[in-house]
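Since the structure comes first, as C-alpha coordinates, the remarks are kept for the end.
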Amino acid sequence: MRMLRWMCGYTRKDRMRNEHIRKKVGVAPIEDKLREIRLRWFEHLNRRSIEAPVRKIELLDFTHVQRGRGRPKKT
(Lines give C-alpha, C1' and ligand atoms only; values in the text may rest on other atoms or scores of the structure.)
Protein backbone atom coordinates (compact mmCIF):
# COMPACT_ATOMS: atom_id res chain seq x y z
CA MET A 1 0.00 0.00 0.00
CA ARG A 2 2.91 2.35 0.64
CA MET A 3 4.00 2.07 -2.98
CA LEU A 4 0.44 2.54 -4.26
CA ARG A 5 0.01 5.65 -2.13
CA TRP A 6 3.30 6.99 -3.48
CA MET A 7 2.19 6.30 -7.06
CA CYS A 8 -1.05 8.24 -6.50
CA GLY A 9 0.65 11.05 -4.62
CA TYR A 10 -1.21 10.39 -1.36
CA THR A 11 0.25 10.18 2.12
CA ARG A 12 -1.16 8.63 5.29
CA LYS A 13 -2.14 12.11 6.42
CA ASP A 14 -4.52 12.40 3.45
CA ARG A 15 -6.59 9.60 5.06
CA MET A 16 -7.62 7.98 1.78
CA ARG A 17 -9.15 4.51 2.09
CA ASN A 18 -7.15 1.58 0.77
CA GLU A 19 -10.07 0.44 -1.41
CA HIS A 20 -10.19 3.83 -3.11
CA ILE A 21 -6.45 3.76 -3.86
CA ARG A 22 -6.57 0.17 -5.16
CA LYS A 23 -9.51 1.02 -7.41
CA LYS A 24 -7.74 4.10 -8.76
CA VAL A 25 -4.55 2.16 -9.57
CA GLY A 26 -6.43 -0.95 -10.74
CA VAL A 27 -4.89 -3.42 -8.28
CA ALA A 28 -6.85 -6.37 -6.87
CA PRO A 29 -7.19 -6.74 -3.09
CA ILE A 30 -4.50 -8.85 -1.41
CA GLU A 31 -7.11 -11.36 -0.18
CA ASP A 32 -8.08 -12.16 -3.76
CA LYS A 33 -4.45 -12.60 -4.79
CA LEU A 34 -3.77 -14.96 -1.87
CA ARG A 35 -6.88 -17.00 -2.71
CA GLU A 36 -5.75 -17.22 -6.34
CA ILE A 37 -2.28 -18.46 -5.34
CA ARG A 38 -3.69 -21.07 -2.94
CA LEU A 39 -6.07 -22.39 -5.59
CA ARG A 40 -3.23 -22.58 -8.11
CA TRP A 41 -1.19 -24.66 -5.63
CA PHE A 42 -4.20 -26.89 -4.90
CA GLU A 43 -4.71 -27.54 -8.63
CA HIS A 44 -1.01 -28.36 -8.91
CA LEU A 45 -1.32 -30.93 -6.11
CA ASN A 46 -4.38 -32.54 -7.65
CA ARG A 47 -2.48 -33.18 -10.89
CA ARG A 48 0.15 -35.20 -9.01
CA SER A 49 -0.20 -38.97 -8.74
CA ILE A 50 -1.72 -40.44 -5.58
CA GLU A 51 1.63 -42.13 -4.80
CA ALA A 52 3.39 -38.77 -4.49
CA PRO A 53 4.42 -37.91 -0.90
CA VAL A 54 2.47 -34.67 -1.03
CA ARG A 55 -0.74 -36.50 -1.91
CA LYS A 56 -0.19 -39.20 0.74
CA ILE A 57 -0.52 -36.53 3.42
CA GLU A 58 -4.14 -36.01 2.34
CA LEU A 59 -4.93 -39.59 3.36
CA LEU A 60 -3.51 -39.29 6.89
CA ASP A 61 -5.98 -39.02 9.73
CA PHE A 62 -4.93 -36.68 12.55
CA THR A 63 -8.19 -36.69 14.49
CA HIS A 64 -6.83 -38.97 17.25
CA VAL A 65 -3.60 -36.97 17.76
CA GLN A 66 -3.58 -34.51 20.64
CA ARG A 67 -0.96 -31.88 21.28
CA GLY A 68 0.46 -31.37 24.74
CA ARG A 69 -0.56 -28.44 26.87
CA GLY A 70 1.71 -25.50 27.54
CA ARG A 71 4.94 -24.29 26.04
CA PRO A 72 6.96 -26.73 23.89
CA LYS A 73 10.11 -28.22 25.38
CA LYS A 74 13.43 -26.58 24.42
CA THR A 75 15.11 -29.82 23.31
Side-chain angles (χ1 to χ4, degrees):
M1 283 308 302
R2 185 180 297 175
M3 185 185 77
L4 296 179
R5 287 180 190 279
W6 177 77
M7 288 170 52
C8 293
Y10 294 127
T11 63
R12 292 276 295 151
K13 290 182 181 179
D14 295 332
R15 297 183 54 88
M16 298 296 294
R17 296 188 72 85
N18 291 344
E19 295 85 18
H20 175 73
I21 294 172
R22 277 195 219 103
K23 191 180 294 183
K24 184 174 182 179
V25 178
V27 176
I30 191 72
E31 296 89 10
D32 294 345
K33 298 303 277 184
L34 287 174
R35 186 177 299 117
E36 178 183 326
I37 292 169
R38 287 181 186 146
L39 286 174
R40 189 181 308 140
W41 174 247
F42 183 70
E43 292 169 4
H44 170 73
L45 291 182
N46 280 338
R47 287 192 295 268
R48 300 286 304 260
S49 67
I50 196 67
E51 290 83 25
V54 174
R55 290 291 302 270
K56 287 182 181 179
I57 293 173
E58 291 179 356
L59 303 176
L60 294 178
D61 184 27
F62 292 108
T63 56
H64 63 282
V65 178
Q66 291 184 349
R67 296 180 62 184
R69 291 183 58 183
R71 183 176 185 162
K73 301 291 182 191
K74 294 177 73 175
T75 58

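A quick note: this is a predicted structure, and the numbers were derived from the prediction, not measured.
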The criterion is salt bridge (Lys or Arg N to Asp or Glu O under 4.0 Å); which residues satisfy it with R5, sequence neighbours excluded?
none
Pairs satisfying salt bridge (Lys or Arg N to Asp or Glu O under 4.0 Å), at least one member in residues 47-58, at least two apart:
R55-E58
Could you work out, with salt bridge (Lys or Arg N to Asp or Glu O under 4.0 Å) as the rule, every residue matching E31, not counting sequence neighbours?
none
So which residues get pulled into M3's cluster when ILVMFWY side chains under 4.5 Å apart are joined, directly or through others?
M1, L4, W6, M7, Y10, M16, I21, V25, V27
Single hit among E36, H44, E43 for side chain to side chain donor-acceptor pair (under 3.5 Å) with R40
E36
Compile the donor-acceptor pairs under 3.5 Å between side chains in residues 65-75 and protein atoms, sequence neighbours left out, one pair per line.
none

Atom CG in D32, atom CD1 in I37: separation rounded to 0.5 Å?
11.0 Å
Minimal non-hydrogen separation, D14 against T11, with atom names:
OD2-N, 2.9 Å
Checking H64 now: which residues fulfil ring pair (Phe, Tyr, Trp, His ring centres under 6.0 Å) with it, not counting sequence neighbours?
none
Please name the pair of heavy atoms, one in A28 and one in K33, separated by the smallest distance, quoted to 0.1 Å.
CB-CD, 4.1 Å
